[in-house]
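Report on the structure given below.
This structure is a prediction, so every number in the text was calculated from the model and none was measured. Convention: sequence-line order gives letters A, B, ...; per-chain numbering from 1.
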Amino acid sequence: MSKVRVRFAPSPTGSLHIGSARTALFNYLFARHMGGVFVLRIEDTDMKRSLREHEHSISRDLHWLGLTADEGPDVGGPWGPYRQSERSHLYEEGVQRLLAEGHAYLCFCSQERLDDVKKAQLARGEMPKYDRQCLSLSAEEVESRLAAGEQATVRFKVPPGQIEYQDMIRGHLSFASDVIGDFIIKRTDGGFSYNYAVVIDDMGMRITHVIRGEDHVTNTARQLLLFRALGEEPPTYAHHSMIHAPDGGKLSKRHGATSIGEFRDLGYLPEAMVNYLALLAWHPGDERELFRLPELVEAFTMERVSKSPAIFDIDKLNWLNGVYMRELSPGRLYSQVEPFLHEADMHLEPGQREVVAAAIQSNLVTLADAPTYAEVFTADVDLKDSPHLAALREPGVTQVFSLLEEALAQFYDEYLSVEDGRAVVRMVAGACKEHGIKGRSIYLPLRVALTGRNEGAELYYLVAGLGRSRVLARLEAARAYL
RNA sequence: GCCCCCAUCGUCUAGCGGCCUAGGACAUCGCCCUUUCAAGGCGACGGCGGGGAUUCGAAUUCCCCUGGGGGCACCA
(Lines give C-alpha, C1' and ligand atoms only; values in the text may rest on other atoms or scores of the structure.)
Protein backbone atom coordinates (compact mmCIF):
# COMPACT_ATOMS: atom_id res chain seq x y z
CA MET A 1 0.00 0.00 0.00
CA SER A 2 1.29 3.42 -0.97
CA LYS A 3 2.16 6.05 1.57
CA VAL A 4 -0.65 8.19 2.92
CA ARG A 5 -0.68 11.73 1.56
CA VAL A 6 -3.27 14.24 2.71
CA ARG A 7 -3.70 17.92 2.07
CA PHE A 8 -5.15 20.92 3.80
CA ALA A 9 -6.30 23.33 1.13
CA PRO A 10 -7.46 26.70 2.41
CA SER A 11 -8.33 29.57 0.17
CA PRO A 12 -6.52 32.71 1.31
CA THR A 13 -9.61 34.89 1.43
CA GLY A 14 -9.51 35.42 5.17
CA SER A 15 -7.79 34.29 8.32
CA LEU A 16 -7.83 30.73 9.62
CA HIS A 17 -11.30 29.95 10.93
CA ILE A 18 -11.72 27.44 13.75
CA GLY A 19 -13.68 25.16 11.43
CA SER A 20 -10.83 25.11 8.93
CA ALA A 21 -8.37 24.71 11.75
CA ARG A 22 -10.15 21.54 12.79
CA THR A 23 -10.02 20.27 9.23
CA ALA A 24 -6.30 20.99 9.20
CA LEU A 25 -5.93 19.23 12.54
CA PHE A 26 -7.70 16.08 11.37
CA ASN A 27 -5.57 16.01 8.23
CA TYR A 28 -2.43 16.46 10.28
CA LEU A 29 -3.42 13.81 12.83
CA PHE A 30 -4.36 11.28 10.19
CA ALA A 31 -1.15 11.86 8.26
CA ARG A 32 1.07 11.63 11.32
CA HIS A 33 -0.78 8.65 12.76
CA MET A 34 -0.38 6.79 9.48
CA GLY A 35 3.21 7.86 9.03
CA GLY A 36 2.17 9.83 5.98
CA VAL A 37 2.68 13.28 4.51
CA PHE A 38 0.76 16.45 5.30
CA VAL A 39 0.56 18.85 2.37
CA LEU A 40 -0.47 22.50 2.47
CA ARG A 41 -2.01 23.76 -0.74
CA ILE A 42 -3.20 27.29 -1.31
CA GLU A 43 -6.41 27.50 -3.31
CA ASP A 44 -6.15 30.97 -4.74
CA THR A 45 -8.03 30.41 -7.99
CA ASP A 46 -10.24 33.33 -7.11
CA MET A 47 -7.73 36.06 -7.77
CA LYS A 48 -10.17 38.77 -6.83
CA ARG A 49 -10.54 37.66 -3.25
CA SER A 50 -7.24 35.92 -2.57
CA LEU A 51 -4.58 37.83 -0.71
CA ARG A 52 -0.98 36.86 -0.06
CA GLU A 53 -1.34 38.49 3.32
CA HIS A 54 -4.05 36.01 4.24
CA GLU A 55 -1.90 33.13 3.08
CA HIS A 56 0.81 34.24 5.50
CA SER A 57 -1.58 34.63 8.38
CA ILE A 58 -2.97 31.15 7.75
CA SER A 59 0.54 29.68 7.74
CA ARG A 60 1.36 31.51 10.91
CA ASP A 61 -1.79 30.23 12.64
CA LEU A 62 -1.14 26.65 11.54
CA HIS A 63 2.37 26.95 12.85
CA TRP A 64 1.10 28.37 16.13
CA LEU A 65 -1.15 25.34 16.52
CA GLY A 66 1.80 23.08 15.75
CA LEU A 67 0.33 21.81 12.48
CA THR A 68 3.39 22.12 10.34
CA ALA A 69 3.18 20.97 6.75
CA ASP A 70 5.66 18.59 5.15
CA GLU A 71 5.07 20.06 1.71
CA GLY A 72 3.67 23.43 0.79
CA PRO A 73 4.40 26.85 -0.66
CA ASP A 74 6.90 27.68 2.08
CA VAL A 75 8.80 24.40 2.26
CA GLY A 76 8.36 23.14 -1.28
CA GLY A 77 8.13 19.47 -2.16
CA PRO A 78 8.25 17.08 -5.10
CA TRP A 79 4.74 17.69 -6.45
CA GLY A 80 4.53 21.48 -6.46
CA PRO A 81 3.91 24.20 -7.10
CA TYR A 82 1.59 24.39 -4.11
CA ARG A 83 -0.38 27.47 -5.07
CA GLN A 84 -3.19 26.97 -7.54
CA SER A 85 -2.36 30.30 -9.13
CA GLU A 86 0.95 28.77 -10.22
CA ARG A 87 -0.53 25.60 -11.67
CA SER A 88 -2.50 26.99 -14.63
CA HIS A 89 -0.51 25.04 -17.18
CA LEU A 90 -1.55 21.80 -15.52
CA TYR A 91 -5.20 22.77 -15.51
CA GLU A 92 -5.04 23.84 -19.15
CA GLU A 93 -3.50 20.53 -20.13
CA GLY A 94 -6.36 18.67 -18.48
CA VAL A 95 -9.00 20.85 -20.10
CA GLN A 96 -7.54 20.18 -23.54
CA ARG A 97 -7.59 16.48 -22.83
CA LEU A 98 -11.20 16.49 -21.65
CA LEU A 99 -12.19 18.55 -24.68
CA ALA A 100 -10.37 16.25 -27.08
CA GLU A 101 -11.87 13.15 -25.55
CA GLY A 102 -15.42 14.50 -25.61
CA HIS A 103 -15.80 14.84 -21.84
CA ALA A 104 -16.13 18.61 -22.06
CA TYR A 105 -17.49 21.21 -24.44
CA LEU A 106 -17.47 24.93 -25.07
CA CYS A 107 -20.42 27.00 -23.89
CA PHE A 108 -21.29 30.47 -25.15
CA CYS A 109 -24.31 31.12 -22.97
CA SER A 110 -24.53 34.54 -21.42
CA GLN A 111 -24.91 35.11 -17.73
CA GLU A 112 -28.34 36.57 -18.42
CA ARG A 113 -29.57 33.48 -20.20
CA LEU A 114 -28.18 31.27 -17.46
CA ASP A 115 -29.99 33.31 -14.82
CA ASP A 116 -33.26 33.09 -16.74
CA VAL A 117 -33.00 29.34 -17.15
CA LYS A 118 -32.27 28.93 -13.48
CA LYS A 119 -35.15 31.16 -12.44
CA ALA A 120 -37.59 29.24 -14.62
CA GLN A 121 -36.39 25.90 -13.25
CA LEU A 122 -36.71 27.08 -9.68
CA ALA A 123 -40.22 28.34 -10.41
CA ARG A 124 -41.13 24.91 -11.70
CA GLY A 125 -39.72 23.31 -8.57
CA GLU A 126 -36.84 21.68 -10.37
CA MET A 127 -33.25 21.45 -9.29
CA PRO A 128 -31.44 24.20 -11.19
CA LYS A 129 -28.95 22.90 -13.70
CA TYR A 130 -27.53 23.91 -17.04
CA ASP A 131 -29.90 23.02 -19.88
CA ARG A 132 -27.14 21.91 -22.26
CA GLN A 133 -28.00 24.53 -24.82
CA CYS A 134 -24.44 24.53 -26.18
CA LEU A 135 -23.84 20.79 -26.08
CA SER A 136 -25.37 20.36 -29.51
CA LEU A 137 -23.36 23.07 -31.19
CA SER A 138 -21.64 21.88 -34.34
CA ALA A 139 -17.89 22.08 -34.66
CA GLU A 140 -18.28 24.66 -37.40
CA GLU A 141 -20.50 26.87 -35.31
CA VAL A 142 -18.13 26.70 -32.36
CA GLU A 143 -15.32 27.59 -34.71
CA SER A 144 -17.06 30.58 -36.21
CA ARG A 145 -18.28 31.98 -32.89
CA LEU A 146 -14.80 31.68 -31.50
CA ALA A 147 -13.44 33.39 -34.60
CA ALA A 148 -16.00 36.14 -34.09
CA GLY A 149 -14.40 36.74 -30.71
CA GLU A 150 -17.21 35.36 -28.58
CA GLN A 151 -16.34 34.46 -25.02
CA ALA A 152 -16.70 30.85 -24.03
CA THR A 153 -16.52 28.73 -20.92
CA VAL A 154 -15.64 25.06 -20.85
CA ARG A 155 -18.23 22.79 -19.31
CA PHE A 156 -17.80 19.24 -18.13
CA LYS A 157 -20.26 16.88 -19.76
CA VAL A 158 -21.82 15.03 -16.85
CA PRO A 159 -22.46 11.42 -17.83
CA PRO A 160 -25.68 9.73 -16.73
CA GLY A 161 -25.63 7.14 -14.00
CA GLN A 162 -25.22 6.65 -10.32
CA ILE A 163 -22.21 7.90 -8.38
CA GLU A 164 -21.34 5.86 -5.31
CA TYR A 165 -18.47 5.91 -2.91
CA GLN A 166 -17.39 4.90 0.54
CA ASP A 167 -16.82 7.80 2.92
CA MET A 168 -14.46 7.00 5.80
CA ILE A 169 -16.70 8.84 8.22
CA ARG A 170 -20.14 8.64 6.65
CA GLY A 171 -20.08 5.21 5.08
CA HIS A 172 -21.74 4.50 1.76
CA LEU A 173 -22.88 7.60 -0.14
CA SER A 174 -24.79 7.67 -3.38
CA PHE A 175 -25.94 10.34 -5.86
CA ALA A 176 -27.84 10.25 -9.11
CA SER A 177 -25.67 12.15 -11.56
CA ASP A 178 -28.69 13.71 -13.26
CA VAL A 179 -29.12 16.04 -10.33
CA ILE A 180 -25.93 17.79 -11.26
CA GLY A 181 -25.71 19.99 -14.30
CA ASP A 182 -22.81 20.31 -16.70
CA PHE A 183 -20.62 22.49 -14.55
CA ILE A 184 -18.03 24.98 -15.72
CA ILE A 185 -14.43 23.93 -15.40
CA LYS A 186 -12.86 26.89 -17.17
CA ARG A 187 -14.23 30.38 -16.85
CA THR A 188 -14.42 33.11 -19.51
CA ASP A 189 -11.65 34.94 -17.67
CA GLY A 190 -9.40 31.95 -18.27
CA GLY A 191 -9.49 30.86 -14.64
CA PHE A 192 -10.38 27.36 -13.56
CA SER A 193 -13.18 26.37 -11.28
CA TYR A 194 -12.63 24.98 -7.82
CA ASN A 195 -14.14 21.56 -8.43
CA TYR A 196 -11.93 21.05 -11.43
CA ALA A 197 -8.70 22.45 -10.05
CA VAL A 198 -9.06 20.33 -6.93
CA VAL A 199 -9.17 17.17 -8.98
CA ILE A 200 -6.12 18.07 -11.06
CA ASP A 201 -4.27 18.98 -7.87
CA ASP A 202 -5.26 15.97 -5.80
CA MET A 203 -4.25 13.86 -8.73
CA GLY A 204 -0.99 15.69 -9.39
CA MET A 205 -0.01 15.82 -5.75
CA ARG A 206 -0.69 12.10 -5.34
CA ILE A 207 -3.21 12.74 -2.57
CA THR A 208 -4.48 9.45 -1.16
CA HIS A 209 -7.04 10.75 1.36
CA VAL A 210 -9.18 13.85 1.20
CA ILE A 211 -10.33 14.91 4.65
CA ARG A 212 -12.60 17.95 4.63
CA GLY A 213 -15.83 19.44 5.90
CA GLU A 214 -19.28 18.10 5.25
CA ASP A 215 -20.03 21.13 3.08
CA HIS A 216 -18.03 19.33 0.39
CA VAL A 217 -20.04 16.11 0.16
CA THR A 218 -21.94 17.14 -2.95
CA ASN A 219 -18.75 18.42 -4.54
CA THR A 220 -17.38 14.94 -4.18
CA ALA A 221 -19.82 13.66 -6.78
CA ARG A 222 -18.52 16.15 -9.33
CA GLN A 223 -14.94 15.41 -8.48
CA LEU A 224 -15.46 11.68 -8.74
CA LEU A 225 -16.91 12.15 -12.21
CA LEU A 226 -13.87 14.16 -13.21
CA PHE A 227 -11.52 11.49 -11.93
CA ARG A 228 -13.40 8.90 -13.93
CA ALA A 229 -13.24 11.01 -17.10
CA LEU A 230 -9.53 11.52 -16.63
CA GLY A 231 -9.04 7.81 -16.12
CA GLU A 232 -7.52 8.19 -12.67
CA GLU A 233 -8.18 6.45 -9.38
CA PRO A 234 -9.82 8.91 -6.96
CA PRO A 235 -8.57 9.33 -3.39
CA THR A 236 -10.48 8.06 -0.40
CA TYR A 237 -12.79 10.69 1.05
CA ALA A 238 -13.65 11.53 4.64
CA HIS A 239 -16.18 14.27 5.38
CA HIS A 240 -16.36 15.44 8.93
CA SER A 241 -19.22 17.47 10.42
CA MET A 242 -19.33 21.21 10.83
CA ILE A 243 -19.01 23.39 13.91
CA HIS A 244 -22.19 25.21 14.85
CA ALA A 245 -22.90 28.26 16.97
CA PRO A 246 -24.61 27.87 20.37
CA ASP A 247 -27.93 28.74 18.73
CA GLY A 248 -27.48 25.89 16.26
CA GLY A 249 -26.79 28.14 13.31
CA LYS A 250 -23.63 29.11 11.52
CA LEU A 251 -20.76 30.29 13.64
CA SER A 252 -20.29 34.00 13.04
CA LYS A 253 -18.67 37.06 14.56
CA ARG A 254 -21.76 37.80 16.56
CA HIS A 255 -21.03 34.66 18.59
CA GLY A 256 -17.63 35.99 19.53
CA ALA A 257 -14.26 34.88 18.26
CA THR A 258 -14.25 32.60 15.21
CA SER A 259 -10.69 32.67 13.97
CA ILE A 260 -7.59 31.12 15.45
CA GLY A 261 -5.87 34.49 15.50
CA GLU A 262 -8.63 35.97 17.60
CA PHE A 263 -8.39 33.18 20.12
CA ARG A 264 -4.64 33.68 20.34
CA ASP A 265 -5.17 37.39 20.95
CA LEU A 266 -7.76 36.60 23.59
CA GLY A 267 -5.19 34.63 25.52
CA TYR A 268 -5.89 31.02 24.64
CA LEU A 269 -3.01 28.55 24.48
CA PRO A 270 -2.47 26.47 21.33
CA GLU A 271 -2.55 23.31 23.47
CA ALA A 272 -6.06 24.17 24.61
CA MET A 273 -7.25 25.00 21.10
CA VAL A 274 -5.87 21.79 19.65
CA ASN A 275 -7.24 19.68 22.48
CA TYR A 276 -10.64 21.32 22.29
CA LEU A 277 -10.94 21.15 18.52
CA ALA A 278 -9.99 17.48 18.53
CA LEU A 279 -12.56 16.64 21.19
CA LEU A 280 -15.26 18.49 19.28
CA ALA A 281 -15.77 15.65 16.86
CA TRP A 282 -13.47 12.89 17.95
CA HIS A 283 -13.41 10.55 20.92
CA PRO A 284 -10.49 8.43 22.10
CA GLY A 285 -12.64 5.45 23.03
CA ASP A 286 -11.61 5.56 26.65
CA GLU A 287 -12.22 8.23 29.24
CA ARG A 288 -9.20 10.42 28.72
CA GLU A 289 -9.85 14.06 27.89
CA LEU A 290 -6.48 15.75 28.01
CA PHE A 291 -4.47 15.39 24.85
CA ARG A 292 -1.53 17.30 23.51
CA LEU A 293 -0.66 17.05 19.85
CA PRO A 294 1.69 14.03 20.09
CA GLU A 295 -0.86 12.12 22.15
CA LEU A 296 -3.55 12.92 19.62
CA VAL A 297 -1.35 11.65 16.83
CA GLU A 298 -0.93 8.43 18.72
CA ALA A 299 -4.61 7.95 19.52
CA PHE A 300 -6.33 9.39 16.45
CA THR A 301 -8.32 7.17 14.13
CA MET A 302 -10.89 8.14 11.54
CA GLU A 303 -13.33 5.51 12.84
CA ARG A 304 -13.75 7.53 15.99
CA VAL A 305 -14.66 10.78 14.27
CA SER A 306 -18.25 11.73 14.89
CA LYS A 307 -20.79 12.15 12.10
CA SER A 308 -23.00 14.68 13.78
CA PRO A 309 -22.34 18.40 13.92
CA ALA A 310 -21.02 19.93 17.14
CA ILE A 311 -21.85 23.17 18.86
CA PHE A 312 -18.92 25.31 19.83
CA ASP A 313 -18.82 25.52 23.62
CA ILE A 314 -16.61 28.25 24.99
CA ASP A 315 -16.99 26.93 28.55
CA LYS A 316 -15.16 23.73 27.80
CA LEU A 317 -12.45 25.58 25.91
CA ASN A 318 -12.07 27.86 28.92
CA TRP A 319 -11.70 24.88 31.19
CA LEU A 320 -9.03 23.33 28.97
CA ASN A 321 -7.22 26.63 28.75
CA GLY A 322 -7.13 26.76 32.53
CA VAL A 323 -5.84 23.21 32.70
CA TYR A 324 -2.94 23.98 30.38
CA MET A 325 -2.14 27.28 32.04
CA ARG A 326 -1.98 25.57 35.42
CA GLU A 327 0.46 23.05 34.02
CA LEU A 328 2.94 25.79 33.14
CA SER A 329 5.87 26.53 35.45
CA PRO A 330 5.75 30.05 36.93
CA GLY A 331 8.57 31.13 34.64
CA ARG A 332 6.88 29.84 31.52
CA LEU A 333 3.54 31.21 32.58
CA TYR A 334 5.12 34.62 33.06
CA SER A 335 6.58 34.67 29.57
CA GLN A 336 3.20 33.72 28.10
CA VAL A 337 1.47 36.38 30.07
CA GLU A 338 4.02 39.15 29.58
CA PRO A 339 2.62 40.54 26.30
CA PHE A 340 -0.79 40.88 27.91
CA LEU A 341 0.68 42.69 30.91
CA HIS A 342 2.60 45.03 28.67
CA GLU A 343 -0.50 45.61 26.63
CA ALA A 344 -2.11 46.80 29.85
CA ASP A 345 0.98 48.93 30.52
CA MET A 346 1.94 46.77 33.45
CA HIS A 347 5.62 46.02 33.99
CA LEU A 348 6.82 43.66 36.67
CA GLU A 349 10.27 43.76 38.23
CA PRO A 350 12.37 40.68 37.41
CA GLY A 351 12.29 39.69 41.06
CA GLN A 352 8.53 39.57 41.29
CA ARG A 353 7.66 37.96 37.95
CA GLU A 354 7.59 34.32 38.97
CA VAL A 355 5.92 35.02 42.29
CA VAL A 356 3.18 36.98 40.63
CA ALA A 357 2.76 34.33 37.94
CA ALA A 358 2.42 31.65 40.61
CA ALA A 359 0.03 33.85 42.58
CA ILE A 360 -2.42 34.43 39.76
CA GLN A 361 -2.07 31.06 38.04
CA SER A 362 -5.16 29.40 39.45
CA ASN A 363 -7.34 32.43 38.75
CA LEU A 364 -6.73 32.71 35.04
CA VAL A 365 -9.24 31.59 32.46
CA THR A 366 -7.17 33.10 29.67
CA LEU A 367 -3.77 34.75 29.54
CA ALA A 368 -5.58 38.02 29.00
CA ASP A 369 -6.94 37.84 32.55
CA ALA A 370 -3.44 38.30 33.92
CA PRO A 371 -3.50 42.11 34.24
CA THR A 372 -6.70 41.99 36.27
CA TYR A 373 -5.19 39.66 38.85
CA ALA A 374 -1.64 40.99 38.72
CA GLU A 375 -2.74 44.57 39.20
CA VAL A 376 -2.70 44.25 42.96
CA PHE A 377 1.07 43.72 42.79
CA THR A 378 1.81 46.94 40.93
CA ALA A 379 -1.01 49.37 41.53
CA ASP A 380 -0.95 52.08 44.14
CA VAL A 381 -3.44 51.52 46.89
CA ASP A 382 -5.33 54.28 48.60
CA LEU A 383 -6.97 52.77 51.61
CA LYS A 384 -9.48 55.51 51.96
CA ASP A 385 -11.26 54.05 48.93
CA SER A 386 -11.43 50.60 50.46
CA PRO A 387 -14.86 49.37 51.59
CA HIS A 388 -13.21 46.87 53.92
CA LEU A 389 -11.63 49.18 56.49
CA ALA A 390 -13.82 47.80 59.24
CA ALA A 391 -11.72 44.66 59.11
CA LEU A 392 -8.77 46.62 60.42
CA ARG A 393 -10.51 47.39 63.65
CA GLU A 394 -9.92 44.03 65.26
CA PRO A 395 -8.02 43.80 68.53
CA GLY A 396 -4.28 43.29 68.18
CA VAL A 397 -3.94 44.41 64.59
CA THR A 398 -1.29 46.97 65.49
CA GLN A 399 0.77 44.20 66.95
CA VAL A 400 0.21 42.01 63.92
CA PHE A 401 1.58 44.78 61.72
CA SER A 402 4.67 45.04 63.88
CA LEU A 403 5.18 41.30 63.81
CA LEU A 404 5.10 41.33 60.02
CA GLU A 405 7.60 44.19 59.95
CA GLU A 406 9.89 42.26 62.24
CA ALA A 407 9.62 39.09 60.21
CA LEU A 408 10.38 40.99 57.04
CA ALA A 409 13.44 42.53 58.63
CA GLN A 410 15.09 39.15 58.39
CA PHE A 411 15.22 39.37 54.61
CA TYR A 412 17.34 41.66 52.53
CA ASP A 413 16.00 41.26 49.03
CA GLU A 414 13.22 43.53 47.87
CA TYR A 415 11.18 40.58 46.57
CA LEU A 416 10.95 37.29 48.39
CA SER A 417 10.61 33.84 46.96
CA VAL A 418 7.29 32.11 47.44
CA GLU A 419 9.00 29.94 50.03
CA ASP A 420 10.30 32.91 52.01
CA GLY A 421 6.91 34.56 51.75
CA ARG A 422 5.43 31.46 53.28
CA ALA A 423 8.04 31.50 56.03
CA VAL A 424 7.27 35.13 56.87
CA VAL A 425 3.55 34.50 57.17
CA ARG A 426 4.23 31.42 59.23
CA MET A 427 6.43 33.43 61.57
CA VAL A 428 3.75 36.06 62.01
CA ALA A 429 1.07 33.45 62.62
CA GLY A 430 3.28 31.61 65.11
CA ALA A 431 4.05 34.77 67.07
CA CYS A 432 0.38 35.73 67.06
CA LYS A 433 -0.53 32.41 68.55
CA GLU A 434 1.93 33.02 71.36
CA HIS A 435 0.42 36.42 72.02
CA GLY A 436 -3.09 35.01 71.90
CA ILE A 437 -4.06 36.95 68.80
CA LYS A 438 -6.88 35.33 66.85
CA GLY A 439 -6.91 34.57 63.15
CA ARG A 440 -9.46 37.23 62.32
CA SER A 441 -7.02 39.81 63.55
CA ILE A 442 -4.33 38.50 61.25
CA TYR A 443 -5.35 37.40 57.78
CA LEU A 444 -8.11 39.75 56.71
CA PRO A 445 -6.58 42.86 58.32
CA LEU A 446 -3.24 42.21 56.63
CA ARG A 447 -4.93 41.55 53.32
CA VAL A 448 -6.90 44.77 53.53
CA ALA A 449 -3.86 46.74 54.63
CA LEU A 450 -1.76 45.42 51.76
CA THR A 451 -4.37 45.50 48.99
CA GLY A 452 -7.46 47.28 50.16
CA ARG A 453 -9.42 44.20 49.18
CA ASN A 454 -10.95 41.27 50.97
CA GLU A 455 -10.19 38.64 48.37
CA GLY A 456 -7.27 37.57 46.26
CA ALA A 457 -4.12 35.52 46.22
CA GLU A 458 -2.75 33.83 49.32
CA LEU A 459 -1.16 36.20 51.80
CA TYR A 460 2.31 34.74 51.31
CA TYR A 461 2.17 35.53 47.60
CA LEU A 462 1.23 39.10 48.43
CA VAL A 463 4.04 39.50 50.91
CA ALA A 464 6.57 37.97 48.54
CA GLY A 465 5.41 39.62 45.33
CA LEU A 466 4.63 43.08 46.63
CA GLY A 467 8.18 43.59 47.84
CA ARG A 468 9.51 44.73 51.18
CA SER A 469 9.23 48.45 50.65
CA ARG A 470 5.69 48.32 49.37
CA VAL A 471 4.61 46.06 52.22
CA LEU A 472 6.19 48.30 54.82
CA ALA A 473 4.79 51.45 53.26
CA ARG A 474 1.31 50.05 53.14
CA LEU A 475 1.40 48.85 56.70
CA GLU A 476 2.48 52.33 57.69
CA ALA A 477 -0.35 53.90 55.68
CA ALA A 478 -2.86 51.47 57.13
CA ARG A 479 -2.00 52.46 60.68
CA ALA A 480 -3.98 55.65 60.11
CA TYR A 481 -7.15 53.57 59.90
CA LEU A 482 -6.68 51.36 62.91
C1' G B 1 -38.39 23.76 -4.71
C1' C B 2 -34.81 19.58 -5.55
C1' C B 3 -30.51 16.56 -3.75
C1' C B 4 -27.37 14.90 0.33
C1' C B 5 -26.17 14.36 5.48
C1' C B 6 -27.22 14.28 10.78
C1' A B 7 -30.28 13.17 15.50
C1' U B 8 -28.21 10.09 23.50
C1' C B 9 -28.13 14.97 29.58
C1' G B 10 -28.02 22.61 28.49
C1' U B 11 -23.03 21.40 25.64
C1' C B 12 -19.12 17.67 23.77
C1' U B 13 -19.72 12.61 23.77
C1' A B 14 -19.48 6.68 25.30
C1' G B 15 -22.85 3.07 23.47
C1' C B 16 -21.87 -0.61 17.47
C1' G B 17 -29.15 -6.35 20.24
C1' G B 18 -28.96 -8.57 26.29
C1' C B 19 -23.05 -6.12 30.11
C1' C B 20 -27.84 0.27 30.39
C1' U B 21 -31.19 1.26 36.67
C1' A B 22 -27.67 4.69 29.69
C1' G B 23 -21.08 5.86 31.38
C1' G B 24 -17.51 10.22 31.25
C1' A B 25 -16.29 15.57 30.65
C1' C B 26 -17.77 20.92 30.62
C1' A B 27 -21.51 24.06 32.67
C1' U B 28 -24.97 24.52 36.99
C1' C B 29 -25.99 23.51 42.27
C1' G B 30 -24.35 21.55 47.16
C1' C B 31 -20.59 19.89 50.63
C1' C B 32 -15.31 19.57 51.97
C1' C B 33 -10.45 21.96 51.90
C1' U B 34 -9.01 27.20 52.72
C1' U B 35 -10.03 32.40 58.50
C1' U B 36 -10.25 35.48 51.50
C1' C B 37 -10.79 34.70 45.88
C1' A B 38 -9.55 30.87 42.86
C1' A B 39 -7.71 26.05 42.06
C1' G B 40 -8.56 21.10 44.01
C1' G B 41 -11.58 16.83 46.25
C1' C B 42 -16.48 14.65 46.88
C1' G B 43 -21.57 14.60 45.55
C1' A B 44 -26.28 16.14 43.22
C1' C B 45 -29.22 17.66 39.09
C1' G B 46 -29.84 16.23 34.06
C1' G B 47 -30.71 12.59 28.24
C1' C B 48 -32.02 8.06 24.21
C1' G B 49 -37.19 13.82 19.29
C1' G B 50 -42.15 11.10 17.77
C1' G B 51 -44.62 6.83 15.51
C1' G B 52 -44.54 2.15 13.46
C1' A B 53 -41.77 -2.59 12.20
C1' U B 54 -38.09 -6.73 13.16
C1' U B 55 -36.76 -9.58 17.69
C1' C B 56 -37.65 -13.61 23.37
C1' G B 57 -35.18 -8.77 24.02
C1' A B 58 -33.78 -2.29 20.95
C1' A B 59 -30.46 3.92 22.68
C1' U B 60 -28.40 0.23 19.33
C1' U B 61 -31.51 -2.77 12.97
C1' C B 62 -35.42 -1.11 9.15
C1' C B 63 -39.40 2.42 7.48
C1' C B 64 -42.19 7.01 8.07
C1' C B 65 -42.63 11.77 10.43
C1' U B 66 -40.42 15.87 12.80
C1' G B 67 -36.32 18.84 13.67
C1' G B 68 -31.38 20.63 12.41
C1' G B 69 -27.40 21.24 8.89
C1' G B 70 -25.12 21.27 4.06
C1' G B 71 -25.41 21.71 -1.27
C1' C B 72 -27.90 23.20 -5.94
C1' A B 73 -22.51 29.61 -9.05
C1' C B 74 -18.14 31.88 -14.63
C1' C B 75 -16.98 31.27 -4.91
C1' A B 76 -13.80 28.12 -2.72
*asked:* Suppose we define a pair by two distances each less than 3.5 Å, Watson-Crick or G-U wobble; what does B:A22 pair with here?
replied: none
*Does B:G43 have a Watson-Crick or wobble partner in any strand here, with both distances under 3.5 angstrom, and which is it?*
B:C29
Categorize [X] for me: base, sugar-phosphate, or nothing, with a 4.0 angstrom heavy-atom threshold over every strand shown.
X: A:Asp286; result: nothing
X: A:Cys109; result: base
X: A:Asn195; result: base
X: A:Ala221; result: nothing
X: A:Arg440; result: base

Let me have the donor-acceptor pairs involving side chains of residues 242-249 of chain A, under 3.5 Å, with sequence neighbours excluded, atom names and distances please.
from: A:His244; atom 1: ND1; to: A:Gly248; atom 2: O; distance (Å): 3.4
from: A:Asp247; atom 1: OD1; to: A:Gly249; atom 2: N; distance (Å): 2.8
from: A:Asp247; atom 1: OD2; to: A:Arg254; atom 2: NH2; distance (Å): 3.4
from: A:Asp247; atom 1: OD2; to: A:His255; atom 2: NE2; distance (Å): 3.1

For nucleotides 15-21 of chain B, give me every protein contact, N/O to N/O, under 3.5 Å, one pair per line with atom names.
from: B:G15; atom 1: OP1; to: A:Arg304; atom 2: NH2; distance (Å): 3.2

_Partner set under salt bridge (charged side-chain N to carboxylate O under 4.0 Å, His left out) for A:Glu375, not counting sequence neighbours_ = A:Arg453
_It should be established whether A:Arg187 places a side-chain nitrogen or oxygen under 4.0 Å from OP1 or OP2 of nucleotide B:A76._
yes
*Counting only side-chain N and O atoms of A:Lys118, is one of them less than 4.0 Å from OP1 or OP2 of B:A73?*
yes
Output a table of nitrogen or oxygen pairs between the protein and nucleotides 62-67 of chain B separated by less than 3.5 Å.
none

_Separation of the C1' atoms in B:C20 and B:A14, to the nearest angstrom_ = 12 Å
*Test for a donor-acceptor pair under 3.5 Å between the base of B:A38 and the side chain of A:Ser362, counting only N and O atoms.*
yes
_Quick check: any donor-acceptor pair below 3.5 Å linking the side-chain of A:Thr188 to the base of B:C74?_
yes
*Is it the case that A:Arg474 and A:Thr451 place a side-chain donor and acceptor less than 3.5 Å from each other?*
no
Checking [X] now: which residues fulfil side-chain hydrogen bond (donor to acceptor under 3.5 Å, both in side chains) with it, not counting sequence neighbours?
X: A:Ser402; result: A:Arg479
X: A:Tyr105; result: A:Asp182
X: A:Gln111; result: A:Asp115

*Among residues 241-258 of chain A, which contact RNA chain B at a heavy-atom distance under 4.0 Å?*
A:His244, A:Gly248, A:Lys250
Could you list the protein-to-nucleotides 1-4 of chain B atom pairs, N/O on both sides, closer than 3.5 Å?
from: B:G1; atom 1: O2'; to: A:Gly125; atom 2: O; distance (Å): 2.3

Produce the list of close N/O pairs, under 3.5 Å, pairing protein atoms with atoms of nucleotides 25-28 of chain B; give distances to one decimal.
from: B:A25; atom 1: O4'; to: A:Glu289; atom 2: OE2; distance (Å): 2.5
from: B:A25; atom 1: O2'; to: A:Glu289; atom 2: OE2; distance (Å): 2.5
from: B:A25; atom 1: O2'; to: A:Lys316; atom 2: NZ; distance (Å): 3.3
from: B:A25; atom 1: N3; to: A:Lys316; atom 2: NZ; distance (Å): 3.4
from: B:C26; atom 1: O2'; to: A:Asp315; atom 2: O; distance (Å): 3.4
from: B:C26; atom 1: O2'; to: A:Lys316; atom 2: N; distance (Å): 3.3

_Cation over ring face, A:Arg422 and A:Tyr460, 6.0 Å, 45°_ = yes
*Does a side-chain N-to-carboxylate-O contact under 4.0 Å join A:Arg292 and A:Glu295?*
no
*What pairs of residues pass the salt bridge (Lys or Arg N to Asp or Glu O under 4.0 Å) test when at least one of them lies in residues 362-373 of chain A, not counting sequence neighbours?*
none
Can you name the atoms? Protein N/O to nucleotides 41-47 of chain B N/O, anything below 3.5 Å, with the distance.
none

*Consider the side chain of A:Ser308, meaning its heavy atoms from C-beta on, and name the nucleotide among B:C74, B:C37, B:U13 that approaches it most closely.*
B:U13
